[in-house]
Number of protein chains: 2
Amino acid sequence: MGRNPEGNQRIRDQRRRLVLSAALKLFADRGLAATRISDIAWAAGISDGLVYHYFDSKDAIFVELVRSALAAMVASAHALENLAVSPRDRLKLALGGVRRDLARRGDAANALVLVASAAVSANVPADALQALEDGQLELQASIARIVEAGQADGSVRPGEPAELASVFWTLILGLAVRRGIRSDNAPAPSAELLVSLFGVDPPALTRGDRTLDAGTRSY
Amino acid sequence: MGRNPEGNQRIRDQRRRLVLSAALKLFADRGLAATRISDIAWAAGISDGLVYHYFDSKDAIFVELVRSALAAMVASAHALENLAVSPRDRLKLALGGVRRDLARRGDAANALVLVASAAVSANVPADALQALEDGQLELQASIARIVEAGQADGSVRPGEPAELASVFWTLILGLAVRRGIRSDNAPAPSAELLVSLFGVDPPALTRGDRTLDAGTRSY
DNA sequence: GTCTATATCCAGATAGAC
DNA sequence: GTCTATCTGGATATAGAC
């Protein structure tokens, strides 16, 4: 089993993913500036020097993570658009997915927090900022299309779709930020309540339906 | 006019405030870890060493800023509770104030962004985290009381007041995060739309009333 | 109170042996 | 591909002159 080029490439990709995965958690927890290369290397189980064999710099790792986080979110939003459920339920799936992901504290949660953390700070690498702007724009456009469809079938409240999508995205960012505050005595709002903000029905104290939990892979 | 103790104290307080004001802007822009003491000193027009004459450490400056930011927000919320307008308009004043503050990019905006930035990151000083939790709890309690009053007079939609307050606070954090994304092609949602999320009225495309802009000093 | 100088430490990134 | 050793710069914080 001599090493062939493809095998080497696979090993290389695997290592890169290992580093990225370790870095994602650290960046989400501590932010770009407070995360040390040595932390990343340690978490990935390799030496400091080896990190630079796979990436040009700390910033480069960060940028790649922000890019892929947003790409995954955009892909997730597009998948949602094509889902065979009512627009209103598409919104509910999105919010439920975000809430669930944040609660699980896995890679998906870290990706969201990374995006929020990159958004608050003005000292992120320019490429990361660009990815952020592009991704946010596309996400909001996608949400706006769902909103519009919901208004057409009467399940979503009236209002400028772009503006409602902006509210939707603002809520998601807010949820990501709240995850950071541990031992939350006041837990984050439920998906039911959140989606009811966008509904047309007279808001009821409790709605009958439970959280939809479909098989959407949410970023 | 020889220096007396009180005069010295005033000078000392003034200098402290100068440093704090410079640090607030920097921390809000770049976060705790990426802000250098030398940046703060330069912005305040003093030497690096002198900063340590007034504060024990960089962390201490940060903690004091987080504390005072939250204290101001809590005070602002309490003031809002006692305002002689309808509960619904109190909510609108709060959201309008936040939006206006963020747009102005002054100290109030920086305070909000500082809080959001401290909330996302897990590596803030323990004292800052404590202040954050306490402040958030008190803020949500305050908002919940307004919501409850609004439900009593029929101007606010039904729902658990604590949960609606949680949504409210989540939105504010989200707005603070969005401020960080410059050249926003998709601008943040309007205060009218935001407050309409909490209203009982059938959501209309456009509401007649314009932004209330009272003289509340918002944090 | 204020500055300059500096001790001390540690980070990002590179070099080169294996 | 991987590591150890190291260069180099810069950051926090302190010491001590004025």
Side-chain angles (χ1 to χ4, degrees), chain A residues 1-24 26-27 29-66 121 123-128, chain B residues 1-23 26-27 29-65 121 123-128:
Chain A
M1 48 203 304
R3 297 229 196 129
N4 49 27
E6 309 88 60
N8 283 342
Q9 185 57 39
R10 215 170 39 247
I11 288 175
R12 186 176 173 82
D13 283 356
Q14 204 173 329
R15 272 272 196 262
R16 278 180 59 92
R17 271 197 298 275
L18 191 67
V19 172
L20 286 171
S21 163
L24 173 59
L26 288 162
F27 283 143
D29 274 359
R30 317 183 188 174
L32 171 58
T35 300
R36 316 287 155 209
I37 283 285
S38 56
D39 298 332
I40 297 173
W42 184 89
I46 62 177
S47 71
D48 289 19
L50 192 51
V51 173
Y52 289 96
H53 187 71
Y54 292 106
F55 296 92
D56 284 344
S57 65
K58 191 171 76 160
D59 276 16
I61 303 178
F62 187 82
V63 169
E64 184 157 335
L65 283 171
V66 170
S121 166
N123 76 326
V124 291
D127 291 349
Chain B
M1 49 204 304
R3 295 227 198 131
N4 49 27
E6 309 88 60
N8 285 340
Q9 186 58 38
R10 214 170 40 246
I11 287 175
R12 185 175 174 83
D13 283 357
Q14 203 174 330
R15 271 275 196 259
R16 277 180 60 92
R17 270 197 299 274
L18 191 66
V19 172
L20 286 171
S21 162
L26 288 163
F27 282 142
D29 274 359
R30 318 182 185 174
L32 171 58
T35 301
R36 315 287 153 210
I37 283 284
S38 56
D39 298 332
I40 298 173
W42 184 88
I46 62 178
S47 71
D48 290 19
L50 192 52
V51 173
Y52 290 97
H53 187 71
Y54 291 105
F55 296 93
D56 283 345
S57 65
K58 191 171 76 162
D59 276 17
I61 303 177
F62 187 81
V63 169
E64 183 157 336
L65 282 171
S121 167
N123 76 327
V124 292
D127 290 349

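Each chain gets a letter, A, B and so on, in the order its sequence line appears, and its residues count up from 1. Nothing here was measured: the structure is a model prediction, and the numbers come from that model.
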Nearest-neighbour nucleotide for the [X] side chain, [options] considered:
X: Arg36(A); options: dG1(C), dG12(C), dT12(D); answer: dG12(C)
X: Arg12(B); options: dT12(D), dG1(D), dG1(C); answer: dG1(C)
X: Ser47(B); options: dG12(C), dC3(C), dC3(D); answer: dC3(C)
X: Lys58(B); options: dG1(C), dG1(D), dT12(D); answer: dT12(D)

Sort out for me which residue in Arg15(B), Gln9(B), Arg17(B) forms a side-chain hydrogen bond (donor to acceptor under 3.5 Å, both in side chains) with Asp13(B).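 When side-chain hydrogen bond (donor to acceptor under 3.5 Å, both in side chains) is applied between Asp13(B) and each of Arg15(B), Gln9(B), Arg17(B), only Gln9(B) qualifies.
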Under 4.0 angstrom between [X] side-chain N/O and [N] OP1 or OP2:
X: Tyr54(B); N: dT2(C); result: yes
X: His53(A); N: dT2(D); result: no
X: Tyr52(A); N: dA13(C); result: yes

Taking [atom1] from [X] and [atom2] from [N], how many angstroms apart are they, rounded to a whole number?
X: Ile37(A); N: dC7(D); atom1: CD1; atom2: P; value: 20 Å
X: Ile61(A); N: dA13(C); atom1: CD1; atom2: P; value: 9 Å
X: Asp56(B); N: dT14(D); atom1: CG; atom2: P; value: 8 Å
X: Asp48(A); N: dT6(D); atom1: CG; atom2: C1'; value: 12 Å
X: Trp42(B); N: dT2(C); atom1: CH2; atom2: C1'; value: 19 Å
X: Leu26(A); N: dA11(C); atom1: CG; atom2: P; value: 13 Å
X: Asp39(A); N: dA11(C); atom1: CG; atom2: P; value: 8 Å
X: Leu50(B); N: dC18(D); atom1: CG; atom2: P; value: 18 Å

Assess whether side-chain contact (heavy atoms from CB on, under 4.5 Å) is satisfied between Ile37(B) and Tyr52(B), documenting all intermediate values. CA-CA 9 Å; Ile37(B) 283 284; Tyr52(B) 290 97; 3.3 Å; yes
Return yes if a side-chain donor-acceptor contact under 3.5 Å exists between Ser57(B) and Asp59(B), otherwise no.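 No, because no side-chain N or O of Ser57(B) sits under 3.5 Å from a partner of the opposite role on Asp59(B).
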Could you walk me through whether Ile61(B) and Tyr54(B) pass the side-chain contact (heavy atoms from CB on, under 4.5 Å) check? CA-CA 9 Å; Ile61(B) 303 177; Tyr54(B) 291 105; over 6 Å; no
Quick one: pull up OG in Ser21(B) and CG in Leu26(B) and give me the separation to the nearest 0.5 Å.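 Here the interatomic distance stands at 9.5 Å.
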